[in-house]
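Input: a single structure, listed below in structure tokens.
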Amino acid sequence: MNKKDKDKSAKTVVAERVRTATSDLPVEAARLLARLGEAGAYARPDALVEDALVARREGGGVSIGSGRFATASGQVLAAADLATWNAAGTQLTITAAGRARLRRQAMPGDMAFPAQHHDLTVVEGGSEPILRNASENPLSWMVRRRDRDGTPLIDAASFEAGERLRRDMTTAALLPRMGSAFGAPRVDGAGPRDPASAADHVIAARQRVRGALDAVGSDLSGLLIDLCGFLKGLERIEAERRWPARSAKVVARIALGRLAEHYGLEREATGPERGRLRLWRG
């Protein structure tokens, strides 16, 4: 077989994989893919039933069963590059293409293709829900990433504290603008503007940012600005500051913990089950 025939056969194999991955999967294979998409999930051959796979999920140091599937379903996923076996052939896990397919299936209509290539999440709290690419936010990655013991890198209180700081920095106009603000009022003159001429909500946001960074301390405030404001990843922070590998994760935990304490955020609610009634009097 010459080089041209080899290239043609390779392209045929790739096209076949793409066609298989984009076509409808068998019902059982689709169910197995959904199980493998869960956190810490995998499948292995069943020692009690021939030609069967057992799906399991790790969590809190305990392995939990997620169902039994036919071996042929695992072979379909592996052939479509939606799942892969380890070197020993004893464990089947989902691939990046498999997770992309699950994201595409979760979004209806025109949002299916963007969801395949981005980790879209719905953000509430505004006038209407908006979609945000969570993969661009290192805090979203940290709150979903888990250690070996199954605990997230940061808890919900630290995540909310970092998001609150970013919202205040955005409101305070402390972050660079990526485009032109055509709706902003026009100011004549090319000289610098007086910071006191800003709107009241902008001045209040700047005061909140200054108070939060002062409470965290000068040794950690720069890290929070890079992490929460400029959305720099942990590896980039380590490279720019010449820190050892995986050290930014520990420092970020400490900084976000201090920030959460400043905002009064706790992982669990504490206090009496029922608060006593109070009367407002002059």
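Scope of the values below: all heavy atoms of this structure, side chains included, with no hydrogens, waters or symmetry mates. We're numbering straight along the sequence, starting at 1. What you are looking at is a predicted structure, and each value in this text was computed from that prediction instead of being measured.
Remark: Arg44 pairs with no residue by the side chain to side chain donor-acceptor pair (under 3.5 Å) rule, at least two apart or across chains. Partners of Thr171 according to the side-chain contact (heavy atoms from CB on, under 4.5 Å) rule, which considers only residues two or more places apart in sequence or in another chain, are His201, Ala205. Scored by the side-chain contact (heavy atoms from CB on, under 4.5 Å) test, Ile225 finds Met169, Leu213, Phe230 as partners (sequence neighbours excluded). With sequence neighbours excluded, the residues satisfying side-chain contact (heavy atoms from CB on, under 4.5 Å) with Pro152 are Arg146. For Arg253, the salt bridge (charged side-chain N to carboxylate O under 4.0 Å, His left out) test picks out Asp147, with sequence neighbours left out. Qualifying salt bridge (charged side-chain N to carboxylate O under 4.0 Å, His left out) partners for Arg208, counting only residues two or more places apart in sequence or in other chains: Asp168. Under the side chain to side chain donor-acceptor pair (under 3.5 Å) criterion, Ser158 pairs with Asp155, sequence neighbours left out.
Contact detail for Leu32 and Ala43: the closest heavy-atom pair is CD1-CB, 4.4 Å. Among all heavy-atom pairs drawn from Ala157 and Leu265, the shortest one is O-CD1, 3.7 Å. Taking both residues in full, the closest heavy atoms of Tyr263 and Ala212 are given as OH-CB, 3.7 Å, listed atom of the first, atom of the second, then distance.
The side-chain heavy atoms of Leu256 and Phe159, taken from C-beta on, include no pair separated by under 4.5 Å. Between Arg56 and Tyr42 the shortest side-chain heavy-atom distance falls below 4.5 Å. Arg166 is not listed as a side-chain neighbour of Leu139, based on a closest heavy-atom distance of 4.5 Å or more. Annotation: side chain of Arg68 is not in contact with side chain of Leu53 (no heavy-atom distance under 4.5 Å). The shortest distance between side-chain heavy atoms of Leu259 and Leu165 falls below 4.5 Å.
In this structure, Leu223 CG and Ile237 CD1 are separated by 5.0 Å, a value rounded to the nearest 0.5 Å. How far CD1 of Ile154 is from CH2 of Trp141: 10.0 Å, rounded to the nearest 0.5 Å.
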Sequence neighbours left out, cut at 3.5 Å: what donor-acceptor pairs do the side chains of residues 89-97 make with other protein atoms?
{"unit_1": "Thr90", "atom_1": "OG1", "unit_2": "Asn86", "atom_2": "ND2", "d": "3.1"}
{"unit_1": "Thr95", "atom_1": "OG1", "unit_2": "Asp81", "atom_2": "O", "d": "2.7"}
{"unit_1": "Thr95", "atom_1": "OG1", "unit_2": "Leu82", "atom_2": "O", "d": "3.1"}
{"unit_1": "Thr95", "atom_1": "OG1", "unit_2": "Gly98", "atom_2": "N", "d": "3.3"}

Show which side-chain atoms of residues 70-78 pair as donor or acceptor with protein atoms under 3.5 Å away, not counting sequence neighbours.
{"unit_1": "Thr71", "atom_1": "OG1", "unit_2": "Asp51", "atom_2": "O", "d": "3.2"}
{"unit_1": "Thr71", "atom_1": "OG1", "unit_2": "Ala52", "atom_2": "N", "d": "2.9"}

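Side chain of Arg206 to main chain of Ala172: a donor-acceptor pair is present (N/O by atom type, distance under 3.5 Å, no hydrogens or angles). Side-chain N or O atoms of Arg258 include one that pairs as donor or acceptor with a backbone N or O of Val216 at under 3.5 Å.
Cation-pi geometry between Arg31 and Phe69 is not met at under 6.0 angstrom from the ring centre and within 45 degrees of the axis.
Both Leu174 and Leu220 are members of a single hydrophobic cluster when ILVMFWY side chains are connected at heavy-atom separations under 4.5 Å.
Pairs engaging residues 238-247 under the salt bridge (charged side-chain N to carboxylate O under 4.0 Å, His left out) rule: Asp226-Arg241, Lys232-Glu240, Arg236-Glu240 [sequence neighbours left out]. Residue pairs that meet the side-chain hydrogen bond (donor to acceptor under 3.5 Å, both in side chains) test with at least one member in residues 209-220, sequence neighbours left out, do not exist here.
With respect to Glu160 and Arg167, a salt bridge is recorded, a charged nitrogen being found less than 4.0 Å from a carboxylate O.
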